[in-house]
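Here's the structure, in structure tokens; my notes come after.
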Amino acid sequence: MVQSNQKPHLVLLSAPAHLQPVIELGKRIVTCQDVKATIIVASFVQSAPAESRMVQAALATKLFDVIHLPPADISNLVEPGDKGITSLSAAMHVVKPDFEAAILGLETLPTALVVHVFAIECLGIADELKIPKYVFVSTNAWFLATIVYTPVLDKEVEGEYADKKEPFALPGCSSIRAEDLPDPMLLRTKANYREYLKIGKEIPKADGILVNSWEELQPKTLASLRDGNLLAGVVKAPIFPVGPINSEGSSALKNELFDWLDKQPTDSVLYISFGSMGGLSLEQMLELAWGLELSQQRFIWVVRPPIEKSGSGSGPKFGNIGDDVSSYLPEGFISRTRDRGVIVPQWAPQVEILSHPSCGGFFTHCGWNSAIECITNG
């Protein structure tokens, strides 16, 4: 491994299920700056089909190199009820040796390291290489403010946050009601909270924080994160709003779905998708289907298998992705709505759909990627 005498070389590390924003950040960096970039991809053993497509699409751009680490098997590391951040942290712990080997195996020495916030387990290798280290928060500034202030709340608040009647004060930001806290904060005895708290303590160790937001969208929160008398006293590192980071899509995409969209009136179609990790119960899916049919609303619905509860206190699991979608929709629903609706199994080109003139609404789980794509294409 040698130091390049030419372009600076940035290495970006994604966390499992959070690849797309890292890819888009990589595109932004190499097209706006004269730098070389390498994206290193961490994933679970059971990688989602969408993630595999993203890797191939990223390679096809030829804008940067992509290294896909061996998927992490965490089946013996995480209890059934400890999903979410616990799973992500366990996965990053497993892939850390492979990540370090990948870094050391690069032809040119990285100039700086950028890790996704949920891959912060691997931030420390930058210190070994004596290079600057940055954290990329692919969600919004409010999330960043909340997670970096959680270590303070952890010392000040007794008992469960969810039991408190009064809102929590966040310096320089709007107060937070207990019901609006991030899910990991709802049960302090769970592993998800411990991992969330750990991340909040690690973020200030970075040399800078990139956040997927922009000044006009969250001026109050960003100002607090920069004010030494407010949250900057906690976060310490400089804040760089780099948003909106989202896929631009392809205007040239053509298939049967878009042939159908082209025939619909302007702003008439409701697009329905709950994200790659979101899901509905079978009961919720049936109710949504009946609502769509009775409303006579035009729609495109990205349908994934219903979630199943695997026992008290355990996280949801998805049904068999090979199932026929008609098996968890009302009998005859697809044929009865064929003239005004389209069912798309598993995945759809969301940005292209949202930017189409016929799309007039988005029924979403409100993940930040989806929110930004809606803002920028609405």
With rounding to the nearest 0.5 angstrom, report the NZ to CG distance, Lys164 to Leu181. 12.0 Å

Side chains of His356 and Gln264: does their closest heavy-atom pair fall under 4.5 Å? no

If we only count heavy atoms from C-beta on, is the Trp368 to Ser138 side-chain gap below 4.5 Å? no

Which of parallel (below 30°), tilted (30 to 60°) and perpendicular (above 60°) describes Phe118 and His116? tilted

Heavy atoms, side chains only, cut-off 4.5 Å: are Pro184 and Glu195 in contact? no

Going by heavy atoms in the side chains, are Ile147 and Pro182 under 4.5 Å from each other? no

Under a 4.5 Å cut-off applied to non-hydrogen side-chain atoms, are His9 and Leu106 in contact? yes

Taking the side chain from Asp65 and the backbone from Thr38, do they hold a donor-acceptor pair closer than 3.5 Å? no

Could you tell me which non-hydrogen atom of Ile239 sits nearest to which non-hydrogen atom of Arg226, and how far apart they are? O-NH2, 3.8 Å

Counting N and O atoms only, with roles assigned by atom type, does the side chain of Asp207 sit under 3.5 Å from a partner on the main chain of Tyr134, one being a donor and the other an acceptor? no

As a quick check of understanding, evaluate side chain to side chain contact (heavy atoms under 4.5 Å, CB included) for Ser89 and Met92, giving each step before the final call. CA-CA 5 Å; Ser89 297; Met92 295 314 303; 5.9 Å; no

Do you know the tightest heavy-atom contact between Leu113 and Ala126? CD2-CB, 4.0 Å

Contacts of Tyr193 meeting ring-ring contact (aromatic ring centres under 6.0 Å, His included) (sequence neighbours excluded), chain-then-number -> Tyr161

Rounding to 0.5 Å, atoms CG (Leu329) and CG (Leu282) come to a distance of 9.0 Å

How many angstroms lie between SG in Cys359 and CG in Leu261, if you round to the nearest 0.5 Å? 7.5 Å

Can any side-chain N or O of Asn377 pair as donor or acceptor with the backbone N or O of Glu373 at less than 3.5 Å? yes

So His18 and Val117, side chain to side chain contact (heavy atoms under 4.5 Å, CB included) or not? Walk me through it. CA-CA 10 Å; His18 293 79; Val117 64; over 6 Å; no

Pairwise side-chain contact, Tyr196 with Asp183, heavy-atom cut-off 4.5 Å (strictly under): no

So, the side chain of Asp259 versus the backbone of Asp262: is there a donor-acceptor pair under 3.5 Å, distance only? no

Let me see the working for Trp290 and Phe333 under side chain to side chain contact (heavy atoms under 4.5 Å, CB included), right down to the final yes or no. CA-CA 8 Å; Trp290 283 119; Phe333 171 79; over 6 Å; no

Is a side-chain N or O of Gln296 found less than 3.5 angstrom from the main chain of Glu293, in a donor-acceptor match? yes

Heavy-atom closest contact (Met185 atom, Arg188 atom, distance): O-CG, 4.3 Å

Quick check: do Ile245 and Leu210 have side-chain heavy atoms less than 4.5 Å from each other? no

Once you round to the nearest 0.5 Å, how far does CD1 of Ile300 lie from CG of Leu270? 9.5 Å

Following the transitive rule for hydrophobic clusters with a side-chain heavy-atom cut-off under 4.5 Å over Ile, Leu, Val, Met, Phe, Trp and Tyr, establish whether Leu187 and Val78 coincide in one cluster. no

Got Ile23 and Thr61 here, is their nearest side-chain heavy-atom distance under 4.5 Å? no

Please walk me through it: do Val30 and Leu10 pass side chain to side chain contact (heavy atoms under 4.5 Å, CB included)? CA-CA 9 Å; Val30 298; Leu10 304 185; over 6 Å; no

Main-chain N/O of Cys366 paired with Ser370 side-chain donor or acceptor, under 3.5 Å: no

Any side-chain to backbone donor/acceptor pair from Ser213 onto Gly243? Under 3.5 Å, distance only. no

For Gln284, is the CD atom crowded, meaning more than 12 foreign heavy atoms sit under 6.0 Å from it? yes

Phe274 vs Phe363 aromatic rings, parallel, tilted or perpendicular, using cut-offs 30° and 60°? perpendicular

Cluster question for you: counting only ILVMFWY and a side-chain heavy-atom cut-off of under 4.5 Å, with indirect links fine, are Leu153 and Leu230 together? no

Donor-acceptor pair, Ser335 side chain versus Gly332 backbone, under 3.5 Å? yes

Answer yes if Leu129 and Val135 sit in the same cluster of Ile, Leu, Val, Met, Phe, Trp and Tyr residues linked by side chain heavy atoms under 4.5 Å apart, and no otherwise. yes

Between the side chain of Ser224 and the main-chain N/O of Lys220, is any donor-acceptor distance below 3.5 Å? no

Nearest atoms (heavy-atom pairs only) where Tyr328 meets Arg304: CE1-O, 3.9 Å

Steps toward salt bridge (Lys or Arg N to Asp or Glu O under 4.0 Å) verdict (Lys198, Glu121): CA-CA 10 Å; Lys198 179 181 176 182; Glu121 168 93 15; 3.7 Å; yes

Would you list the atom pairs, donor with acceptor, under 3.5 Å between side chains in residues 170-179 and any protein atom, with sequence neighbours excluded?
| unit_1 | atom_1 | unit_2 | atom_2 | d |
| --- | --- | --- | --- | --- |
| Arg177 | NE | Asp180 | OD2 | 2.8 |
| Arg177 | NH1 | Glu179 | OE2 | 3.4 |
| Arg177 | NH2 | Asp180 | OD1 | 3.3 |
| Arg177 | NH2 | Asp180 | OD2 | 3.0 |

Here the pair of heavy atoms bringing Cys122 nearest to Leu13 is CB-CD2, 3.6 Å

Search all heavy atoms of Ala348 against all heavy atoms of Tyr271 and return the closest pair with its distance. CB-OH, 4.1 Å

Leu231 side, atom CG; Leu222 side, atom CG - distance, nearest 0.5 Å: 11.0 Å

Provide the full list of side chain to side chain donor-acceptor pair (under 3.5 Å) pairs with a residue in residues 22-31, sequence neighbours left out, each pair given once. Gln20-Glu24, Glu24-Lys27

Out of curiosity, Ser87 OG to Phe44 CZ, how far, rounded to the nearest 0.5 Å? 5.0 Å

